[in-house]
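Have a look at the structure below, then the notes.
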Amino acid sequence: MRIIEAHPYMDGTQPFHPSGAYSMNSTSSPDKMASFAALLRTALGDNLVPTANSFVEMMAEDGVMEFPYVTANEPLRLHGREAVRRHLASLEGLIDIDSFHDLIVHPSQTPGVFILQMRCVGRAVATGLPYNQRYISVVTVAGGYIVNYLDYWNPLVLTEALGGVASAGKPEGLPS
């Protein structure tokens with residue numbers, strides 16, 4: 001089973017480690033998510049329609065984006081390409097992302113499902129504090145578009161970058 005058609009040397013039994021960083025600070029692209037789209041294009045290859053150039057364009061019209069771990073008042077689920085576009089627009093100016101890197105594509109037993117692991121480096125615009133995030137995403141593609149994007153990330157990293165106090169802490173009542 002091959003998990004990425006664009007990389008025919010893969011047999012689907014080992015993680016795929018494409019090299020390079022995907023810079024967000026490209027002066028040639030007004031799309032702030034251009035490096036993320038490039039990373040997805042590398043990971044998903046020919047499974048995406050060739051005309052989808054941005055992350056939002058890669059989403060199916062009725063695609064779903066889910067966030068199992070979120071901060072207060074953040075959505076757990078976005079329904080549809082337009083909802084994803086609005087959500088991403090609402091985040092503009094929050095974090096200045098320098099790059100996505102260390103992409104690993106893990107094999108999946110399910111056709112059309114891709115497990116991605118990546119890192120993101122940037123700074124919070126308001127505080128200048130670092131934003132060094134690790135992501136694991138489970139991406140389902142059908143008909144050339146992302147129909148489900150399950151995004152595992154650590155909201156405490158964002159809280160700290162924005163100058164808030166983030167603590168995973170231990171539940172009360174447990175011994176130290």
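All values below come from the heavy atoms of this structure, side chains included, with hydrogens, waters and symmetry mates left out. One is the number of the first residue; the rest follow in order along the sequence.
- Of the candidates Tyr135, Tyr69, Phe67, Tyr69 is the only one forming a ring pair (Phe, Tyr, Trp, His ring centres under 6.0 Å) with Tyr152.
- Gly143 and Val49 make their closest contact through O-CG1, 4.1 Å (heavy atoms, listed as atom of the first residue, atom of the second, distance).
- The two residues Pro75 and Val70 have their closest heavy-atom pair at O-CG1, 3.5 Å.
- When side chains are defined from C-beta on, Cys120 counts as touching Ile97, because their heavy atoms get closer than 4.5 Å.
- In this structure, CD in Glu74 is found 7.0 Å from OG in Ser90, a value given to the nearest 0.5 Å.
- Residues Val157 and Asn154 have side chains in contact (heavy-atom distance under 4.5 Å, counting atoms from C-beta outward).
- Counting heavy atoms from C-beta on, the side chains of Glu66 and Asp151 never come closer than 4.5 Å.
- Side-chain contact between Val138 and Val113: present, with at least one pair of heavy atoms (C-beta onward) separated by less than 4.5 Å.
- Smallest separation of non-hydrogen atoms from Ala161 and Ile95: CB-CD1, 4.4 Å.
- Checking side-chain atoms of Ser108 against main-chain N and O of Thr110 turns up a donor-acceptor pair under 3.5 Å.
- Both Leu116 and Leu88 sit in one connected hydrophobic cluster of ILVMFWY residues. Membership requires side-chain heavy atoms under 4.5 Å apart, directly or through other members.
- Taking the side chain as every heavy atom from C-beta outward, Arg86 and Arg81 never approach each other to under 4.5 Å.
- Interatomic distance, CG of Asn47 versus CD1 of Ile146, reported as 10.5 Å (0.5 Å rounding).
- A donor-acceptor pair shorter than 3.5 Å cannot be found between the side chains of Asp102 and Gln117.
- Put simply, the side chain of Leu44 reaches to within 4.5 Å of the side chain of Val141, judged on heavy atoms.
- The minimum heavy-atom distance linking Ala37 with Asn53 is given by the pair CB-O, 3.5 Å.
- Residues Leu162 and Val125 are members of separate hydrophobic clusters, defined by side-chain heavy-atom contacts under 4.5 angstrom among Ile, Leu, Val, Met, Phe, Trp and Tyr.
- Atom CG of Leu150 and atom CZ of Arg77 lie 9.5 Å apart (nearest 0.5 Å).
- Clustering ILVMFWY residues whenever any of their side-chain heavy atoms sit less than 4.5 angstrom apart, transitively, puts Trp153 in the very cluster that holds Leu40.
- Tyr145 and Leu48 fall into different hydrophobic clusters, where Ile, Leu, Val, Met, Phe, Trp and Tyr residues are linked whenever their side-chain heavy atoms come under 4.5 Å apart, directly or through other members.
- Using cut-offs of 30° and 60° on the angle between ring planes, the pair Phe36 and Phe55 is perpendicular.
- Closest of all the heavy-atom pairs between Leu158 and Leu94 is CD1-CD2, 4.3 Å.
- A donor-acceptor contact shorter than 3.5 Å links the side chain of Arg123 to the backbone of Gly128.
- When all heavy atoms of Met118 and Ser137 are compared, the closest pair comes out as CE-OG, 3.9 Å.
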